Amino acid sequence: MKAIFFKSSPSPTRMTPPASPLHLTFSESLMEENIEAAELIITKWDSSSDNHSSSSNASLFSDDNREEAKQYLSSVKGLQKAMQYLVSHQASSEMLVRAQALMQTAMKRLEKEFYQIFKSFRFYLDPESFSAHSSSSRPSASRSSFSDLEEDESENESRDENDSIPGAQRVSLAAVEDLRAIAEAMIKAGYAKECIKIYKIIRKSFVDEALHGLGVDRTLNLQKVQKMDWEVLEVKIRNWLHAVKVAVKTMFPGERILSEQVFSISPAMGESCFVEISKEGALALFEFPENVAKCKKTPEKMFRFLDLYEAVSNLWPEVESMFNSESTSTLRSTAVNSLIKLGDAVRTMLTSFETAIQKDPSKSTVPGGGIHPLTRYVMNYISFLADYTEVLSDIVADWPLTIPSPLPEPFFGSPDNEESISSPVSVRLAWLILLMLCKLDGKAAMYKDVSLSYLFLANNLQYVVGKVRQSNLKILLGDEWVTKHELKVKQYCSNYERMGWSKVLASLPENPTAEIPVDQVKDHFRNFNLAFEETYTKQTSWVVPDPGLRDDIKISLARRIVPIYKEFYETYGGMHLRKEMWVESLVRYTPDDLGNYWSDLLNGSGSSGSVSSSSSRGGRSG
């Protein structure tokens, strides 16, 4: 038989006066009545008794037995008072033995009811329903509340309050109130250990199943993570990102509130239960990002590492608040270490990315001066990095940027000197772009045609500026950075036009309307035809992917060449000179024809044949 000890609370400085004979007789009579009343209802619900009734197999806390449940708990309370009295006055009496046996029977019944309520209302005791409202504002349930058996007059008011509570929530709250009443009765009777054991087993099972349902693999240790293919691990990371948010935002807070409510009589017990049922699962949850951070680090893994860092960082306040006891210090340390390791990994990958830009091995030129693969890769990568500004700010805050050598192109300047760039993230991203642009400048030198090298630089810098404008880089780098590099694009285009069309411009006289000998006129038309056809044929395979930039270049070329050629054409190549035989053979293009030919330029379509066969374009056949 379980021995039960009750603590009395006399004043430490004054002795309790002995009871008078009248008080003693009255108490004995009252306590005996309490024991007899308890025996009736406890025996009735004792399923182990030989003469137990059919009601003992039913649930004491079902809707049909609410009044009996209330009487049962009241009888346990009365039995406890009787036992306290007997321990103080008749410690060796048979009545105390009888009372102890009844209390044991009652506790076994309450253990059973405690377990059964959890099983029966499993889906109503979902942490999500508890994390939605504070444990400090616990409304009464539609079923009878046993929180205060001596305040029956509040029931009507409680029912009025319950009218506004959704049905499912009413059921869950009623179940919690029953659990709390049972826990209070068991704890006061000295059966806290048994009550807590049942609670921990059931709720830990729930937490473990919930984590498994969220895709958390608790067997995934460091060795397994390191051996896993990146594609498989990436799926695991996505699952984890969802799971950790649900766990920290909903599941763990809900479990904490449930523990606080069920064990409201003892906050320390509630805290202990919550820690025991949550600690193991939470520890496994936060060991995962730390293990991932120890894997091989390559630039393509960057964004999943940033996702992990962001998730842990955002959830850290809740983790620190929920798991704030000494017994959960290992969990807090694991979460902090995961941030440290992930931060180190991100810095390592940024360094590797920078090195990859500097050591890009490609030696071949891009056909037609188009966008280099390095430009696309780097700018897409940096654009994605710009989406993680807040996370990167934490990671690079105390990581100074060091520039190892003088810059290849001094006119780009140092990112530290940009007035519009101030934050560590902005400076570092500007530096990465600068490295790439300097690398592209070296690749431009590989083109044999200088004008094509300028077109290549214009295309690639235009792509860079476009990426900046379309992403968060615009905010990080600022308007001044964008304006500066847009002007650089215009300079490249101007250099392309000057170098690429210099022969065409040089073939025309400086003063197209000045009177010159016929032989010189012939030479100018002949030279123009040769220069234009050569330039056109070559540049039909060149490309400007950006439609706006392509139109700007064509408009600029037209403004440079057409007015001069038009004046010269109208002076020496017009219809009034058609009688001259040389005009038919040498004046191949009208001013309008030039525009038609330019429509084929910079599309990367390749040469369509001899330019002199121009009748299909409206030109004059010769």
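Computed from a predicted model, the values in this text were never measured in an experiment. We use all heavy atoms of the structure for the numbers below, so side chains are in, but hydrogens, waters and symmetry mates are not.
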Going by heavy atoms in the side chains, are [X] and [Y] under 4.5 Å from each other?
{"X": "I182", "Y": "F61", "answer": "yes"}
{"X": "V312", "Y": "V244", "answer": "no"}
{"X": "M302", "Y": "F353", "answer": "no"}
{"X": "L241", "Y": "L308", "answer": "yes"}
{"X": "I42", "Y": "R109", "answer": "no"}
{"X": "F263", "Y": "I196", "answer": "yes"}
{"X": "I475", "Y": "T389", "answer": "no"}
{"X": "V262", "Y": "F114", "answer": "yes"}

Is a donor on one side and an acceptor on the other found under 3.5 Å between the side chain of [X] and the backbone of [Y]?
{"X": "S272", "Y": "A268", "answer": "no"}
{"X": "Y199", "Y": "S259", "answer": "yes"}
{"X": "R347", "Y": "W399", "answer": "no"}
{"X": "R428", "Y": "L392", "answer": "no"}
{"X": "S75", "Y": "Q71", "answer": "yes"}
{"X": "W240", "Y": "V216", "answer": "no"}
{"X": "S321", "Y": "P317", "answer": "no"}
{"X": "K249", "Y": "A247", "answer": "no"}
{"X": "K301", "Y": "K296", "answer": "yes"}

Closest heavy-atom contact between [X] and [Y]?
{"X": "N324", "Y": "T328", "value": "N-OG1, 3.7 Å"}
{"X": "R332", "Y": "S325", "value": "NH1-O, 2.8 Å"}
{"X": "F323", "Y": "A282", "value": "CZ-CB, 4.0 Å"}
{"X": "A69", "Y": "L60", "value": "CB-O, 3.4 Å"}
{"X": "A293", "Y": "A345", "value": "O-CB, 4.1 Å"}
{"X": "R218", "Y": "G281", "value": "NH2-N, 4.1 Å"}

Begin with the C-alpha distance, continue with both residues' side-chain angles, and end with the deciding distance and a verdict on side-chain contact (heavy atoms from CB on, under 4.5 Å) for M83 and Q100.
CA-CA 8 Å; M83 293 175 68; Q100 286 176 329; 3.5 Å; yes
Can you tell me how far apart [atom1] ([X]) and [atom2] ([Y]) are? Round to the nearest 0.5 Å.
{"X": "E320", "Y": "L331", "atom1": "CD", "atom2": "CG", "result": "11.0 Å"}
{"X": "M107", "Y": "M186", "atom1": "CE", "atom2": "CE", "result": "6.0 Å"}
{"X": "I395", "Y": "L339", "atom1": "CD1", "atom2": "CG", "result": "9.0 Å"}
{"X": "E260", "Y": "M269", "atom1": "CD", "atom2": "CE", "result": "15.0 Å"}
{"X": "I382", "Y": "W431", "atom1": "CD1", "atom2": "CH2", "result": "12.0 Å"}
{"X": "Y191", "Y": "E111", "atom1": "OH", "atom2": "CD", "result": "8.0 Å"}

Other residues, nucleotides, ligands: >12 heavy atoms within 6.0 Å of [X] [atom1]:
{"X": "E390", "atom1": "CD", "value": "no"}
{"X": "F303", "atom1": "CZ", "value": "yes"}
{"X": "K197", "atom1": "NZ", "value": "no"}

Could you walk me through whether L306 and L385 pass the side-chain contact (heavy atoms from CB on, under 4.5 Å) test, one step at a time?
CA-CA 9 Å; L306 288 172; L385 284 177; 3.9 Å; yes
Should I257 and Q261 be marked as a side-chain contact (heavy atoms from CB on, under 4.5 Å) after you check the CA-CA gap, both sets of side-chain angles, and the distance that decides it?
CA-CA 6 Å; I257 292 171; Q261 291 185 0; 3.5 Å; yes
Identify whether the distance between the nearest side-chain nitrogen and carboxylate oxygen of K341 and D344 falls below 4.0 Å.
no
For E280 and D208, run side-chain contact (heavy atoms from CB on, under 4.5 Å): C-alpha distance rounded to whole Å, both residues' side-chain angles, the deciding distance at 0.1 Å, then the answer.
CA-CA 9 Å; E280 189 177 323; D208 292 346; 5.5 Å; no
Kindly determine whether K70 and E67 satisfy salt bridge (charged side-chain N to carboxylate O under 4.0 Å, His left out), including the steps that lead there.
CA-CA 5 Å; K70 188 173 182 180; E67 285 303 316; 5.1 Å; no
Has R304 got its NZ or CZ under 6.0 Å from the middle of the six-membered ring of W230, at an angle within 45 degrees of the ring axis?
no
For residues Y309 and Y388, establish whether the separation of their ring centroids is below 6.0 Å.
no
